[in-house]
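Treat the numbers as computed from the prediction; the structure is a model and nothing was measured. For ligands, and for the atoms within them, numbers begin at 1 and follow the listed sequence.
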Amino acid sequence: MVGHEHPRESPAGSERIAVVYGTRPEAVKLRGVVALLGDRACPIHTGQHYDPEMAAAFESGIGFPPPEHRLAIGGGSRGRQIADATVGLESLFAAEPFAAVVVQGDTNTALSGALAANAGRLPLVHVEAGLRSYDREMPEEHNRTVVDHLADLCCAPTTTSEANLAHEGIVGAARVTVTGNTVVEAVLALRPDAAATNTILAGHGVEHDRYVLATFHRPENVDDPDVLSTILTELAALPIPVILPLHPRTAVRAAEAGLEPLLDKLLVTPPVGYREFLGLMGAAALLVSDSGGVQEESSVVKRPVIVVRRSTERPEVLGTFSRLVPSGPGVADAAREWLDDIAAVHERLANLPSPYGDGHASALTVAATDRLLASR
Ligand code: UD1
Ligand code: UDP
């Protein structure tokens with residue numbers, strides 16, 4: 001099950017840090033940490049995302065190095081993914097004497113990395129710690145909570161997430177540090193310039209500020225055919241074109257539910273590379289999404305986002321960059337409210353700083369990791 005892909009000349013085994021990832025957002029948000037760790041980083045891909053546009057091709061497009069080890073947990077049930085990844089990682093951690101393990105966020109991959117680190121008695125660093133939606137229907141809420149409690153170092157993006165950790169008894173300068181979110185430096189480093197953005201827009205046949213960019217993949221939105229149908233109908237009712245890069249989960253569910261006629265009314269594309277997505281995001285009139293990362297990125301590219309969810313673990317941007325609209329009817333009305341005065345909305349957001357920091361989160365994370373290792 002374990003593939004050994006790109007063994008590298010590296011520092012002594014005990015200095016190496018296993019960086020465990022497996023999905024698109026983890027690659028985006030660990031990119032800076034891996035770059036700063038250099039040869040000390042041992043990237044390990046669990047294979048949770050496996051289609052080229054979600055994995056290898058996507059990662060090479062953002063400069064993420066090829067993994068040294070690859071598992072193949074993709075496509076399984078939640079329990080199967082967590083079980084296979086935990087066993088696979090545990091055997092990798094037993095074979096090489098890592099100094100620490102880094103995981104990011106709230107995926108099944110992150111939980112598995114944390115469990116395997118715990119089993120191997122390795123120090124665990126959690127990047128993007130302390131987020132809480134308090135929505136117990138979401139697997140991610142359980143994943144991130146368990147990871148935080150297992151972690152030796154929690155890198156909280158904001159003081160809000162730091163307070164969430166404190167509320168659960170996770171405290172102390174040695175265990176919790178506020179870093180900002182590593183997504184900020186990813187956006188700043190990879191966002192295309194004006195000329196490249198124009199080329200991207202031309203490729204999609206849309207004009208600056210005259211389209212909506214939408215993404216959906218959450219079970220609450222795509223697993224129930226009626227809910228998915230309502231969301232697609234709402235998007236099709238908007239007065240300007242809607243670009244919808246289709247997450248594989250959503251593509252599978254839409255096909256199962258026979259919703260192709262609704263998709264035909266939108267500008268549907270396969271998932272696009274990160275630079276292209278950032279270009280589309282920064283020139284959109286507005287965003288409609290259930291993505292975690294898009295909520296944070298909206299505050300960097302200064303575009304408003306309608307969050308189609310019943311809850312969010314990103315309250316820092318609520319009421320400024322984002323607005324919560326639960327799945328179902330109401331998405332089109334909320335979008336029209338913003339679209340009616342979109343130039344003024346953009347002007348207001350242009351002057352608001354991102355609550356997720358100024359692009360130094362990866363450096364602060366690596367510095368805190370080094371302090372953790374020096375203390376042991
Ligand atoms: C996962 C994460 C979610 C994150 C999202 C980012 C968990 C519990 N969920 O959700 O937090 O926001 O990634 O995109 O870890 N599929 C493919 N090809 C792929 C990947 C997925 O076809 O490359 C399809 C398969 O049918 C698969 C389904 O999508 O069963 C769900 O994939 P999975 O990785 O389990 O969850 P995501 O919905 O992608
Ligand atoms: N993204 C992308 N191409 C797409 C859709 C999304 O590059 O077609 C980026 C998006 O900007 C974000 C990341 O992928 O940084 C993660 O998105 P996703 O919504 O899959 O995961 P989440 O953030 O909800 O966990």
Can you find a side-chain donor-acceptor pair between R132 and N164 that sits under 3.5 Å? no
Could you tell me the residue and atom name of the protein heavy atom closest to atom 25 (O) of ligand 2, and the distance to it rounded to 0.1 Å? P25 CG, 3.4 Å
Answer yes or no: does an N/O atom from Y50 fall short of 3.5 Å to an N/O atom of ligand 1? yes
Below a 4.0 angstrom heavy-atom separation, can you tell me which part of F277, side chain or backbone, both or neither, approaches ligand 2? side chain
Given V272, L190, L246, T107, which one has a non-hydrogen atom that is nearest to atom 3 (N) of ligand 2? V272
Heavy atom under 4.0 Å from ligand 1: found in H49's side chain, backbone, both, or neither? both
Distance only, no hydrogens: is a donor on one side chain within 3.5 Å (strictly under) of an acceptor on the other, for T107 and E26? yes
P25: numbered ligand 1 atoms lying under 4.0 Å from its heavy atoms: 6 (C)
Taking atom NZ of K265 as the centre, report whether more than 12 heavy atoms of other residues, nucleotides or ligands fall under 6.0 Å from it. no
With sequence neighbours left out, what residues match H217 under ring pair (Phe, Tyr, Trp, His ring centres under 6.0 Å)? H247
Just need the protein heavy atom nearest to atom 9 (C) of ligand 2, so name the residue and atom and give the distance. Y274 CD1, 4.0 Å
A quick test of your reading: do over 12 heavy atoms of other residues, nucleotides or ligands sit less than 6.0 Å from CZ of R210? no
Decide if atom CD of E256 counts as having more than 12 heavy atoms of other residues, nucleotides or ligands within a radius under 6.0 Å. yes
Are any of the N/O atoms on N143, whether in the backbone or the side chain, positioned under 3.5 angstrom from an N/O atom of ligand 1? no
For atom 8 (C) of ligand 1, what is the closest protein heavy atom, and at what distance to 0.1 Å? N108 OD1, 3.3 Å
If you have a sec, work out which protein heavy atom is nearest atom 26 (O) of ligand 1 and how many Å separate them, to one decimal? V252 CG2, 4.1 Å
Shortest reach to atom 5 (C) of ligand 1 by a heavy atom, considering only H142, H217, Q81: H217
To the nearest 0.1 Å, how far is atom 18 (N) of ligand 1 from its closest protein heavy atom, and which atom is that? D51 OD2, 2.9 Å
Between T23 and Q48, does any side-chain donor sit less than 3.5 Å from a side-chain acceptor? no
Using a 4.0 Å heavy-atom threshold (strictly under), name the region of S291 that reaches ligand 2: side chain, backbone, both or neither. both
What about R78: any of its N or O atoms under 3.5 Å from an N or O on ligand 1? no
Looking at CD of E297 and OG of S354, how far apart are the two atoms once the value is rounded to the nearest 0.5 Å? 10.5 Å
Below the 3.5 angstrom mark, is there an N/O of Q48, backbone or side chain, next to an N/O of ligand 1? yes
Side chain, backbone, both or neither: R218 near ligand 2, heavy atoms under 4.0 Å: side chain
Under a 3.5 Å cutoff, is there a donor and acceptor pairing between the side chains of T233 and T230? no
With respect to T109, determine whether any N or O atom, backbone or side chain, lies less than 3.5 Å from an N or O atom of ligand 1. no
Give me the residue, atom name and distance of the protein heavy atom closest to atom 23 (O) of ligand 2. G293 N, 2.7 Å
What protein heavy atom is closest to atom 7 (O) of ligand 2, reported as residue, atom name and distance in Å? F58 CE1, 3.2 Å
Which residue supplies the protein heavy atom nearest to atom 11 (O) of ligand 2, what is that atom called, and how far is it? E297 OE1, 2.7 Å
Looking at atom 5 (C) of ligand 2, what's its closest protein heavy atom, distance included? R24 NH1, 3.2 Å
Partners passing ring pair (Phe, Tyr, Trp, His ring centres under 6.0 Å) against H45 (at least two apart in sequence or in another chain): Y21
Go through the side-chain N and O atoms of H360 and D358 and say whether any donor and acceptor fall under 3.5 Å apart. yes
Would you indicate which of R249, E140, H247 comes nearest to atom 28 (C) of ligand 1 when only heavy atoms are counted? R249
Show the atoms of ligand 2 that are less than 4.0 angstrom away from any heavy atom in G292. 22 (P), 23 (O), 24 (O)
Are S291 and T215 linked by a side-chain donor-acceptor pair shorter than 3.5 Å? no
Take atom CZ of R80 as the centre, draw a 6.0 Å sphere, and report whether it contains more than 12 heavy atoms from other residues, nucleotides or ligands. no
Contacting atoms of ligand 1, where contact means under 4.0 angstrom from a heavy atom of G75: 30 (O)
Check for me, please, whether V171 and L165 land in the same ILVMFWY cluster - side-chain distances under 4.5 Å, paths through other members count. no
